[in-house]
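If you're wondering where the values come from, they're calculated on a predicted model, not measured in any experiment.
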Protein chains: 2
Amino acid sequence: MSIIMKGSEVAAIIQQELLKQIERLNQYGITPTLAIVRVGARPDDLVYELGVKKKMRTLGIKCPVFAFPETIDQADFEKNFSSLNLDSEIHGILLFRPLPKHLNEKTIIDTINPLKDIDCMSPVNIAKVFAGEETGFAPCTAEAVMKVLNHFGIGLEGKRVTVVGRSMVVGRPLSMLLLKKNATVTICHTKTKDIENTCRNAEILIAAVGKANMITDHFVAPDAVVIDVGINVDSNNKLCGDVDYDDVAPKAGFITPVPGGVGTVTSSVLAVHVVRAAKYLNKIEER
Amino acid sequence: MSIIMKGSEVAAIIQQELLKQIERLNQYGITPTLAIVRVGARPDDLVYELGVKKKMRTLGIKCPVFAFPETIDQADFEKNFSSLNLDSEIHGILLFRPLPKHLNEKTIIDTINPLKDIDCMSPVNIAKVFAGEETGFAPCTAEAVMKVLNHFGIGLEGKRVTVVGRSMVVGRPLSMLLLKKNATVTICHTKTKDIENTCRNAEILIAAVGKANMITDHFVAPDAVVIDVGINVDSNNKLCGDVDYDDVAPKAGFITPVPGGVGTVTSSVLAVHVVRAAKYLNKIEER
C-alpha cells in the first residue's frame, strides 16, 4: 500500500515558516500585499480568487482584487495595470489569464515588474527558470510539486523522472526545476508513442495533462512515486486528477490525492512568493 | 553501415537560399551586417572569429569586429555596446562570452535589442525558445542540429530523443526545439544514473557534453540516429566529438562526423539569423 502525500501537511509547514517572516516584515511596517487583477468574471476565476483571498487573509497578507469590466479597452487597462505595477504598497500581481481577446496580453506581460511577477509571466522570470537561476519566481504549481517531493524526502539526483504534459505553467518549467535538482527528465505529451512504457520507466511520474483519470496502473512502475497535478471533473461530476487514484494507489510507493494534494500547496507557494517579493522590493535580506 | 550526415551538404542548401535573400536586401540598399564584439583576445575566440568572418564575407554579409582591451571598464564598455545596439546599420550582435570577470555580463545581456540578439543571449529570446515561439532567435548550434535532422529527413514526431548535456547553448534550448516538433525528449547529464541504458533507449541520440569520445557503441541502439555536437581535442591532439565515431558508426543508422558535421552548419545558421534580423529591423516581410 502506498504512502499518501497529503498537501495539507506540506502547506502547514510552509505556513509556519511564512508567519514568522510576515511578522518580521510587519516589524518594518510592511504588510505583504498581493493584487489580484481580473478582467470579466469567469466562474473558474471567481472560485480560484476566493481560495486565494482566504489563504492570504489567514496569513496576514493583504489581497485586494482589481476587477475590470470585460469591455475595458487596451489603453485604459494598461493605465490601470501600470499604476499597480508602480504602487510601492503592492508587492505581487496575480493576473488571471487569458485576457479577453481584444486585449493584448503580451504588452502586459512584457511590462510587469519582474520583482512583482509572482507567478512567472514575464520573460525575465521564464528565462531564469529555464536557465536554472533561483533568483526569480517559478510558476506556483510547478514549485508546489517540488515542495511536495522535498517534504516527503523523495531524492531527485540521478532519478528517472517522467513529466506528462508540456504546458508553460507546469510541464516545461517543472522539467527545468527537476533538472536543476539533477534528475534525468523525460517530457511526454499527446504525441508520445507508447506513452505507457515511457511512464512505466519512471521512478517518479508526474501527470500534468488535464485529462481525467488518464494514468492507470499500466503506466506506473511498482513502488513509483506518482504526483498528480491535474484538476478535472469526471463523468459523475466529481473532482478528480489525471491519475486514476483507485487503480494506481495499490501499486505506487507514494501518491498525491486529488483534491488534497498539489493543489493545496499551490496557494501556499503563492504566499511565499508574495512575501519574498515584499522583501526584494523593500531590500530586506532573505533569512 | 551508417549514412554519414555531412554538414557541408546542409550548409550548401542554406547558403543557396540565403544568397537570394541577401540579393533582395541589397535591392533595398541594405547590406546585412553582423558586429562581432570581443573583449580581450582568447585564442579560441580568435579561431571562431576567423571562421565567422570568412563565412559572412563569402555570403556578402558585412562583419566588423569591435575588439576591446581586457582592461576596459564597465561604463566604457556599456557606452560602446549601447552605440552598436542603437546603430541602424548593424543588424546582429555576436558577443563573445564569458566577459572578463570585472565586467557585468548581465547588464549587457539585459540591454541587447532582442531583434539584434542573433545567438539568444537575451531573456526575451530565451523565454521564446522555452515557450516554443518561433519569432525569436534560438542559439545557433541548437538550431543547426534541427537543420541537420530536417535535411536528412529524420522525422521527430513521437520519437524518443535523448539529449546528453544541459547547457544553455545546446542541451536545454535544443530540447525545447525538439519538443516543439513533438519529440519525446529525455535530458541526460553527468548525474544521470545508468546513462548507457537511457541513451540506448533513444531512437535519436544527441551528444552535447564536451567530453572526447564519451559515447561508445554501448550507448547506441542499432540503427539509431546519432548527432554529435561536441568539439574536443583527443589525447593525440586531434579534433574529435563526444561520440567515438569509429566505434559507433558501424552500429548507427545515421551519424554526423566531427569535424564536418553540426559545426559546419552553425555559422550558416548565424548568417540566417543576421539576414532575418536585417529584415525585422527594416520591416521587410519574410518570404
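Residues B:E203 and A:K193 are not in side-chain contact: their nearest non-hydrogen atoms beyond the backbone lie 4.5 Å or more apart. The side-chain heavy atoms of A:V185 and B:T186, taken from C-beta on, include no pair separated by under 4.5 Å.
Remark: side-chain polar atoms of B:H189 are not paired, donor with acceptor, to backbone N or O of A:L179 under 3.5 angstrom.
How far CG of B:L178 is from CD1 of A:I187: 10.0 Å, rounded to the nearest 0.5 Å. In this structure, A:N201 CG and B:N201 CG are separated by 6.5 Å, a value rounded to the nearest 0.5 Å.
Against chain B, the residues from residues 139-160 of chain A that qualify, each with a non-hydrogen atom under 4.5 angstrom away, are A:E157, A:G158 in number order.
Across every non-hydrogen atom of B:P123 and A:V124, the tightest pair is CB-CA, 4.1 Å.
A:R172 touches chain B through backbone and side chain together, each having a heavy atom under 4.5 Å away.
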Note to self: For A:M176 and B:M176: C-alpha separation, side-chain torsions, deciding distance, then whether side chain to side chain contact (heavy atoms under 4.5 Å, CB included) applies.
What the structure shows: CA-CA 11 Å; A:M176 294 302 126; B:M176 294 302 126; 3.3 Å; yes
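In terms of heavy-atom pairs under 4.5 angstrom with chain B, the leader among A:I126, A:I195, A:N182 is A:N182.
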